[in-house]
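A note on names: the letters A, B, ... follow the listed sequences, proteins ahead of strands, and every chain is numbered from 1.
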Number of protein chains: 2
Amino acid sequence: MAEQGLYEELARQLSAVGAVKRGMARILPADCPAGSAAVLTLLDRHGDIRMSRLAELLSVDMSVTSRHVAHVAARGWIERSPDPADKRSRLLRLTPAGRAQMDELSRRTTQLLATRLGDWSDDEVGQLIRLMTRLRDSFGDCRVAFTGPAAPDVHQTTRTPAEAK
Amino acid sequence: MAEQGLYEELARQLSAVGAVKRGMARILPADCPAGSAAVLTLLDRHGDIRMSRLAELLSVDMSVTSRHVAHVAARGWIERSPDPADKRSRLLRLTPAGRAQMDELSRRTTQLLATRLGDWSDDEVGQLIRLMTRLRDSFGDCRVAFTGPAAPDVHQTTRTPAEAK
DNA sequence: TATTGTTATACTCTATAACTATA
DNA sequence: TATAGTTATAGAGTATAACAATA
């Protein structure tokens, strides 16, 4: 386990990385904010999935997912087809227009990072990716607050837990 | 320079790290949201500074800084004394109550990270800190959008640029 | 005239809770 | 009764613009 000073410094850097995220968001098309871009990226990578699965991948509540999805669907970038196996569900899929939008997003993102990180090597970028991925894994589902040393029966759902009765 | 696929993956991980940040925010005291915690942390590290300097350190517009500072000042965690050298400025300083609040924040943050990252070594945490710090440096002041290959005369200010007349 | 800081307004992202329709 | 998804509401964070006081 790492020492306390390192944890405090890591917390500081996590806070500061928001500036980088805002820099990335600033180059997005006007009608495609970061939430929409995240939906398109995940659908591009994971193929046809359901809302609940997308909410898991986004690590946000399904109500949030629903709003983002509605936004990209309204612009014709995805289609929502009924799930034959469960009429409550909808299967999400990128449309050709959505794929074109993805290409534009990749183009802009790559150009920005290539400019800003021009002096980074492949290995350095890969290291950062690896450590950030592991960080996310170590946190698991962060939408449930850690409640103490003994935290039994933690919900790992995608939605607001129902009130205890 | 790194290849395109790495840039796209890095962008994805930057987007996903938001879940970790939300997990950190969730353990903060109710009257001390992330913005307030960032102000306290920076004042703790950098001593007495002015609003404009704090805005630089936060990498946000000074209007945002002003709001965060007003919040922590209203709770007695910092004091704003007039700058004898410039009557427009105010010098910010942590109060004893503010330092106590900082201690509480450090305690909670450290406990959370120690739990989540219990299987990380000092070296691994240090690596992540180092790479995130470098990432932020490589982006510099991200509050100005990158406008193209030839971007002369880029403003590096802490406030909304005045409209060109 | 330019700069420091504040305030008003608008937008994005998120969580909570209530609701529907299916299971 | 429980689950998949939607919508309404509220709170936090941020940027833009207009403003007041001082340089």
Sugar-phosphate only, base, or nothing, as touched by A/Asp86 at under 4.0 Å among non-hydrogen atoms: sugar-phosphate
Any B/Ser52 side-chain nitrogen or oxygen under 4.0 Å from OP1 or OP2 of C/dT3: no
Spacing of B/Met62 atom CE relative to D/dA15 atom P, expressed in whole Å: 13 Å
Candidate pair B/Arg108 and B/Leu28, rule side-chain contact (heavy atoms from CB on, under 4.5 Å), full reasoning: CA-CA 7 Å; B/Arg108 296 191 186 206; B/Leu28 296 177; 5.8 Å; no
Nearest-nucleotide pick for B/Ser63, side chain only, options being C/dT22, D/dT6, D/dA17: D/dA17
Phosphate contact (D/dT6 OP1 or OP2) by A/Arg80 side-chain N/O below 4.0 Å: yes
D/dT7 phosphate, OP1 or OP2, under 4.0 Å from A/Arg67 side-chain N/O: no
N or O in side chain of A/His68 less than 4.0 angstrom from C/dT14 OP1/OP2: yes
Protein-nucleotide distance (A/Asp83, atom CG; D/dT3, atom P), rounded to Å: 17 Å
N/O (side chain, B/Ser89) to phosphate O (OP1/OP2, C/dG5) under 4.0 Å: yes
Interatomic distance where CG belongs to A/Leu58 and P belongs to D/dG5 [whole Å]: 13 Å
Length of the NZ-C1' vector between A/Lys21 and C/dT12, whole Å: 12 Å
Within-4.5 Å side-chain heavy-atom neighbours: B/Leu135 and A/Leu117: yes
Between C1' of C/dG5 and CD of B/Glu56, the distance in whole Å: 15 Å
Among C/dA2, D/dA15, D/dT6, the one nearest A/Met51 by side-chain distance: D/dT6
More than 12 heavy atoms from other groups under 6.0 Å of CZ on B/Arg67: no
Residue B/Arg93 excluded, over 12 heavy atoms near CZ under 6.0 Å: no
B/Ser66 side chain, from C-beta outward: closest of C/dT6, C/dT3, D/dA12: C/dT6
Test item: A/Thr109 and B/Glu8 side chains (from C-beta on) under 4.5 Å apart, heavy atoms: no
Candidate nucleotides D/dG5, C/dT14, D/dT22, ranked by approach to the side chain of B/Lys87 - the nearest: D/dT22
Gap between atoms CZ and P, on A/Arg22 and D/dT14 respectively (whole Å): 5 Å
Atom pair distance, as rounded to whole Å: NE2 in A/His71 and C1' in D/dG5: 19 Å
5' priority, DNA chain C, between B/Arg50 and A/Pro33 [closest heavy atom]: B/Arg50
First of A/Arg88 and A/Val69 reached from the 5' end of DNA chain D, by closest nucleotide: A/Arg88
Value in whole Å for how far the C1' atom of C/dT4 lies from CG of B/Leu54: 14 Å
Sugar-phosphate only, base, or nothing, as touched by A/Ala34 at under 4.0 Å among non-hydrogen atoms: sugar-phosphate
Below 4.0 Å: OP1/OP2 of D/dA4 and any side-chain N or O of A/Arg90: no
B/Met62 backbone acceptor or donor facing B/Ser66 side chain under 3.5 Å: no
